[in-house]
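Take this structure first; my questions come after.
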Amino acid sequence: MDQKKLAFGVMRLPLLDPTDTTKIDLEATNRMVDLFLERGFTYFDTAAPYHGGQSEHVVRECLVKRHPRESYTLTDKLSLFMLKEAGELEGFLAGQLERCGVDYFDYYLLHAMSKERLEQAEAWGVFDFVAQKKAAGVLRHVGFSFHDRAEVLEEILERHPEMEYVQLQLNYLDWEDPEVQSRKCYEVCRKHNKPVLVMEPVRGGLLTSLPWEAEAILKVKAPGASLASWAIRFAASQEGVFKVLSGMSTLEQVEDNTAVLSDFRPLSREEGETLKKVVEIIHSKELIACTNCRYCVEGCPMGIAIPDYFKMMNHLSKFGPSQLPGVKKDYAQLTGEKGKGLASACVRCGQCEGACPQHLPVISHLESVAQTLE
């Protein structure tokens, strides 16, 4: 199998209807898959929830039916959040193999592991389950994708050293982020000698839409390089990174990403310093100096998720109005499905401003949130 670091995430495919993620353009996807393989890359990644449950079917139609099994490696995931009880494990895996049209998975990940999901997996005997399937040859390698803090990752790897690799959110923007903890999690993997699969190297496309000042720095430094290539190279340059997963949506993205990693050139120290400047510019665009301490939330009579809304506003100020539709969608989900109070529900009691260590004009900021996102 190839030693090239790019992996094809079957998660952001071209659509026939931009409003329906289940209606995938199979002809366009075929061309993308073919070019990826033609350029010597083999690693594909899918999961049951992707594209409204259609990703595995696309793998079967565009990859498995059209190319020899030995010409590619395929990863799928055990999405525990889709199951209600341990008795469903066997059927879930069998369904995945059937939908993909294969007899085995080269790699299999426990999907989106966290502290809570670790407890669920242990209670359900999931680690024994995947070990048995590996022994039977149904799974060739087992690991997990991870979304939590570094100390939780340390706990998982200490309790389950049999896990062979870890998939992490890793990109230059989140490298020192106190919530994502990319660097800290990466260092835990290095400590335990676990290969790293990188997800979100371009932050879901966000790092292709930089503030103009940041984009200008990168264009001056490397006039012919795409913004995505900087992010891909940052991830691939980290020692111990096995694959960099890219959810590609167009043939042009496949061409660009495969070009970057066909003849891979690690970031130089100078280029690394350039990316630090880019991150500084992005952070300088923050509109609201909220530290997410959440003191304001504890006594809010209306249950308003104030720091979450401020984070959304900062996202808009950093990356521009093109992000507004997505941010509005996130806001609607948080206030609707998760039952958080609307910013406009503020009764101006002032509790939040009295509790804020940063002495922010919280009420005024909430008015801006309501005007922008409601």
Side-chain angles (χ1 to χ4, degrees), residues 6-39 41-69 71-77 79 81-82 92 95-102 105 109 111-112 145 199-209 226-229 231-232 243-261 319-333 336-337:
L6 184 65
F8 194 133
V10 188
M11 60 188 72
R12 295 188 181 96
L13 297 171
L15 302 175
L16 295 171
D17 179 353
T19 66
D20 188 346
T21 60
T22 66
K23 294 183 178 178
I24 297 154
D25 188 335
L26 295 181
E27 290 187 10
T29 302
N30 283 341
R31 291 192 290 272
M32 293 165 64
V33 167
D34 293 350
L35 179 60
F36 187 79
L37 290 168
E38 285 169 14
R39 294 194 169 181
F41 298 85
T42 69
Y43 190 107
F44 292 82
D45 174 286
T46 186
Y50 296 163
H51 275 287
Q54 293 303 304
S55 176
E56 292 168 330
H57 296 285
V58 172
V59 164
R60 183 186 64 221
E61 296 301 317
C62 297
L63 176 65
V64 175
K65 285 185 176 181
R66 300 175 60 251
H67 295 279
R69 183 64 180 93
S71 69
Y72 58 85
T73 53
L74 182 60
T75 293
D76 211 326
K77 304 179 184 72
S79 306
F81 49 86
M82 297 182 70
F92 186 78
Q96 291 179 297
L97 292 164
E98 181 179 356
R99 288 189 295 274
C100 289
V102 296
F105 291 122
L109 289 82
H111 197 176
S145 62
M199 58 181 162
E200 301 291 350
V202 195
R203 209 31 156 71
L206 193 67
L207 298 180
T208 65
S209 178
S226 69
L227 297 181
S229 71
I232 294 290
K243 297 289 180 186
V244 177
L245 187 66
S246 179
M248 295 173 281
S249 305
T250 66
L251 190 64
E252 291 72 25
Q253 290 174 2
V254 177
E255 290 173 341
D256 184 47
N257 289 350
T258 54
V260 170
L261 291 183
F319 298 102
S322 66
Q323 302 297 309
L324 185 58
V327 173
K328 279 190 170 183
K329 182 178 179 181
D330 291 342
Y331 180 76
Q333 181 178 6
E337 295 177 16

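What you see below is based on every heavy atom in this structure, not just the backbone, and it leaves out hydrogens, waters and symmetry mates.
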Query raised in the report: Roughly how far, to the nearest 0.5 Å, is the CZ atom of Phe36 from the CG atom of Leu63?
Result: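 One gets 10.0 Å once the value is rounded to the nearest 0.5 Å.
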At their closest point, which heavy atom of Met248 faces which heavy atom of Met32, and how far apart are they?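 For Met248 versus Met32, the nearest heavy atoms are O-CE, 3.3 Å.
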Ser209 side chain near Gln323 side chain, heavy-atom distance below 4.5 Å: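 Yes, their side chains come closer than 4.5 Å.
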query = Does any donor atom in the side chain of Ser226 or Asp256 lie under 3.5 Å from an acceptor atom in the other side chain?
reply = yes
**OP:** Would you give the length of the straight line joining atom CD of Gln96 to atom OG of Ser79, rounded to the nearest 0.5 angstrom?
**Re:**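 Spacing of CD (Gln96) from OG (Ser79) equals 6.5 Å.
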Between Thr22 and Gln54, the two heavy atoms sitting closest are O-CG, 3.7 Å
Is there a donor-acceptor pair closer than 3.5 Å between any side-chain N or O of Arg60 and the backbone N or O of Gly101? no
Short N-O contact, Arg66 and Glu27, less than 4.0 angstrom =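 Looking at Glu27 together with Arg66, the answer is no, because their closest N to O distance does not fall below 4.0 Å.
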field: Distance-minimising heavy-atom pair for Ala48 and Glu56
entry: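 Closest approach of Ala48 to Glu56: N-OE2, 3.5 Å.
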**Request:** State, yes or no, whether a side-chain contact exists between Pro14 and Thr250 at a heavy-atom distance under 4.5 Å.
**Result:**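 No - every pair of side-chain heavy atoms lies 4.5 Å or more apart.
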Hey, does Leu16 have a side-chain heavy atom less than 4.5 Å from the side chain of Ile24?
no
- Query: Heavy atoms, side chains only, cut-off 4.5 Å: are Val58 and Glu61 in contact?
  - Reply: no
Inset, instruction - Answer yes or no: is there a donor N or O on one side and an acceptor on the other, between the side chain of Arg39 and the main chain of Glu255, under 3.5 Å? - result: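 Between the backbone of Glu255 and the side chain of Arg39 there is a qualifying donor-acceptor contact (under 3.5 Å).
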Audit row: Leu35, Leu251, side-chain contact (heavy atoms from CB on, under 4.5 Å) steps and yes/no = CA-CA 8 Å; Leu35 179 60; Leu251 190 64; 3.7 Å; yes
Just verifying a value: how many Å separate Ser145 OG and Leu109 CG, rounded to the nearest 0.5 Å?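 Spacing of OG (Ser145) from CG (Leu109) equals 5.5 Å.
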**OP:** Mind checking side chain to side chain contact (heavy atoms under 4.5 Å, CB included) for Pro68 and listing every partner two or more places apart, or none if nothing turns up?
**Re:**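 If we apply the side chain to side chain contact (heavy atoms under 4.5 Å, CB included) test to Pro68, skipping adjacent residues, the hits are Glu70, Ser71.
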Hey, mind stepping through Thr208 and Val202 against side-chain contact (heavy atoms from CB on, under 4.5 Å) and telling me if it holds?
CA-CA 7 Å; Thr208 65; Val202 195; 3.6 Å; yes
Output for pair (Leu245 CG, Met199 CE), nearest 0.5 Å, gives 9.0 Å
request  = Please report the shortest heavy-atom distance between His51 and Leu13, naming the atom on each side.
outcome  =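 Shortest heavy-atom contact: NE2-N, 2.8 Å.
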Which atoms form the tightest heavy-atom contact between Pro201 and Leu207, and what is the distance?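 Closest approach of Pro201 to Leu207: O-CD1, 3.8 Å.
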- Do the non-hydrogen side-chain atoms of Thr75 and Phe105 ever get within less than 4.5 Å of each other?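 The answer is no, as the side chains (C-beta and beyond) never meet within the 4.5 Å cut-off.
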* Can you find a heavy atom in the side chain of Val59 that is under 4.5 Å from one in the side chain of Leu74? ->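 SC-SC contact between Val59 and Leu74 confirmed.
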So, do Tyr43 and Tyr72 have ring centers that fall under 6.0 Å from each other? no
Do Arg69 and Val64 come within less than 4.5 Å of each other through their side chains, counting heavy atoms only?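 No, every pair of side-chain atoms sits at 4.5 Å or beyond.
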For Arg12 and Gly204 the tightest heavy-atom approach is NH2-CA, 3.7 Å
- Any donor-acceptor pair under 3.5 Å linking the side chain of Ser55 with the backbone of Met11? no
Rounding to 0.5 Å, atoms OG (Ser246) and CD (Glu200) come to a distance of 10.0 Å
ask   = Under 4.0 Å between a Lys/Arg side-chain N and an Asp/Glu carboxylate O for Lys77 and Asp45?
value =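 Answer for the salt bridge query: yes.
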Would the number of heavy atoms belonging to other residues, nucleotides or ligands and lying under 6.0 Å from CD of Gln333 be above 12?
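For Gln333, atom CD is crowded (more than 12 foreign heavy atoms under 6.0 Å).
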One should read off an interatomic distance between Ile232 CD1 and Leu261 CG, to the nearest 0.5 angstrom, of 6.5 Å
**Item:** Contacts of Thr21 that satisfy side-chain hydrogen bond (donor to acceptor under 3.5 Å, both in side chains) - sequence neighbours left out
**Value:**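 Not a single residue meets the side-chain hydrogen bond (donor to acceptor under 3.5 Å, both in side chains) criterion with Thr21.
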Problem - Side chain to side chain, Phe44 and Leu37, heavy atoms closer than 4.5 Å - result: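 SC-SC contact between Phe44 and Leu37 confirmed.
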